[in-house]
**Student:** 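Handing you a structure now.
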Amino acid sequence: MTAPRPLIGIDSFAYHRWFGEHSEWEDPRPERWDVFDFLRRANEHGADGVSVQTVYLTPALVDAVAADASARRLDLVLAWGHRTGLEGGKNPTRLVEALQWLELAAATGCRLLRVVCGDQTWWPEPVDERLDRLVPQVAAIATRAASLGVDIAIENHADLTIADLIELIERVGCDNVGICYDLGNAVRVGDDVVEAARRAAALVRMVHVKDVRVQPDSIGDPAAWWPTTPLGHGDLPVAEALRATLASPHRPRWYVEMAAMHPDHPDEDMAVEGSLGVLRSLPEAQRHSDLSR
């Protein structure tokens, strides 16, 4: 049987400045979007699907967002945890919030929820201690998700290496828990982008596809500046890493995402458009064709 072609979509964080968010390396934008503006733009870009960060939503909007995405034939994934997620397992109220969003996702028909365990601020803490705290919390999310028919994708969010994330998932021991593999975050913590993709492939549920212009002064520090570019204009072997993720037993889901942009490429929307074109041109996107938009 021919494998399904990758679902090619956009993560709403690609447009974080339009949602009023910017980092120390970015200037704010005068435009302000809501999630419906993002869905419209994703539709105009011909995306197959979207990953929507719940930080840009309120619970009251979820049903309307799901209906709008469905009307535009956009596969919808909700992404919880921006920015610090479960805060390394130290904040029980964050677990309660994750479970609330899980219920909302299931009620709208979403079958995949991305979850974050922490971010780069947790990187210096001993990983063994974090995993000990996180295992029961992720298990609680996974158990409830399984009862709702939802899969969980935990992102390597510059808080864990792929090896540590795989250990976490293996210790949780639930079949519905996998990985949201972020290429840029992999290099930020010192992972080899391709080797990490190969190691994670059996667990990958979705991929954040970004290219990064590696700065020598940033190496070894995931909290430093790791500027993104359109695909093909950075230093990462994006096509090879994506090829490795096709070993996943799940349909490939590739979402273009942008963080702080490199000055050579200051316009995220142009970067998204160019990156989508690169993904669609890959032989893998052409060859895996029995599921289409």
Side-chain angles (χ1 to χ4, degrees), residues 3-11 13-14 51 114 116-117 119-120 123 127 153-170 177-222 224-262 265 271-272 274-288:
R5 77 168 179 84
L7 181 151
I8 295 175
I10 309 170
D11 189 285
F13 190 71
S51 173
R114 188 222 63 174
V116 165
C117 292
D119 68 358
Q120 62 272 14
W123 176 252
V127 68
I154 304 175
E155 183 174 345
N156 58 320
H157 204 235
D159 58 329
L160 295 169
T161 65
I162 281 296
D164 293 332
L165 182 51
I166 291 172
E167 180 183 345
L168 170 63
I169 292 170
E170 289 176 344
V177 181
I179 289 174
C180 169
Y181 180 54
D182 186 299
L183 278 65
N185 289 340
V187 73
R188 288 171 67 190
V189 299
D191 276 334
D192 179 283
V193 173
V194 176
E195 181 55 35
R198 291 174 179 150
R199 190 166 185 176
L203 292 167
V204 169
R205 301 297 203 277
M206 57 187 287
V207 182
H208 282 168
V209 189
K210 58 166 66 89
D211 207 346
V212 172
R213 192 80 63 81
V214 177
Q215 309 299 300
D217 291 343
S218 296
I219 294 172
D221 181 5
W225 184 44
W226 295 87
T228 50
T229 70
L231 299 186
H233 292 269
D235 298 318
L236 302 189
V238 173
E240 189 176 358
L242 290 176
R243 195 171 301 121
T245 69
L246 292 174
S248 170
H250 305 276
R251 183 187 183 187
R253 294 170 177 267
W254 297 343
Y255 298 93
V256 171
E257 189 187 47
M258 301 291 161
M261 299 300 296
H262 191 278
H265 305 277
V272 167
S275 297
L276 289 170
V278 169
L279 291 183
R280 292 173 182 137
S281 71
L282 294 177
E284 292 76 14
Q286 306 298 316
R287 193 163 58 238
H288 296 70

**Student:** For residues 199-216, pull every pair meeting salt bridge (charged side-chain N to carboxylate O under 4.0 Å, His left out), keeping only residues two or more places apart or in separate chains.
**Tutor:** Asp151-Arg205, Asp182-Lys210, Lys210-Glu257, Arg213-Asp264
**Student:** Could I get the full list of side chain to side chain contact (heavy atoms under 4.5 Å, CB included) partners for Ala14, not counting sequence neighbours?
**Tutor:** Ile10, Met258, Val272
**Student:** Glu170: what forms a salt bridge (Lys or Arg N to Asp or Glu O under 4.0 Å) with it, not counting sequence neighbours?
**Tutor:** none
**Student:** Checking Leu203 now: which residues fulfil side chain to side chain contact (heavy atoms under 4.5 Å, CB included) with it, not counting sequence neighbours?
**Tutor:** Ile166, Ile169, Ile179
**Student:** Which residues satisfy the side-chain hydrogen bond (donor to acceptor under 3.5 Å, both in side chains) test with His157, sequence neighbours excluded?
**Tutor:** none
**Student:** Phe13: which residues meet the ring-ring contact (aromatic ring centres under 6.0 Å, His included) condition with it, sequence neighbours left out?
**Tutor:** His16, His82
**Student:** Testing Ile219, Asp192, Val193 one by one against Val187 for a side-chain contact (heavy atoms from CB on, under 4.5 Å), which residue passes?
**Tutor:** Val193
**Student:** Which residues pass the side-chain hydrogen bond (donor to acceptor under 3.5 Å, both in side chains) test with Thr229, sequence neighbours left out?
**Tutor:** none
**Student:** Which residue pairs satisfy the ring-ring contact (aromatic ring centres under 6.0 Å, His included) criterion with at least one member in residues 226-248, sequence neighbours excluded?
**Tutor:** His233-His265
**Student:** Output all residues satisfying side-chain hydrogen bond (donor to acceptor under 3.5 Å, both in side chains) with Asp191, sequence neighbours left out; order by chain, then residue number.
**Tutor:** none
**Student:** side-chain hydrogen bond (donor to acceptor under 3.5 Å, both in side chains) with Ser51: which residues, sequence neighbours excluded?
**Tutor:** Asp11
**Student:** Taking the side chain as every heavy atom from C-beta outward, state whether Cys117 and Leu168 have any atom pair closer than 4.5 Å.
**Tutor:** yes
**Student:** List for me each residue that meets side chain to side chain contact (heavy atoms under 4.5 Å, CB included) alongside Ala244, sequence neighbours excluded, and say none if there are none.
**Tutor:** Ala197, Arg198
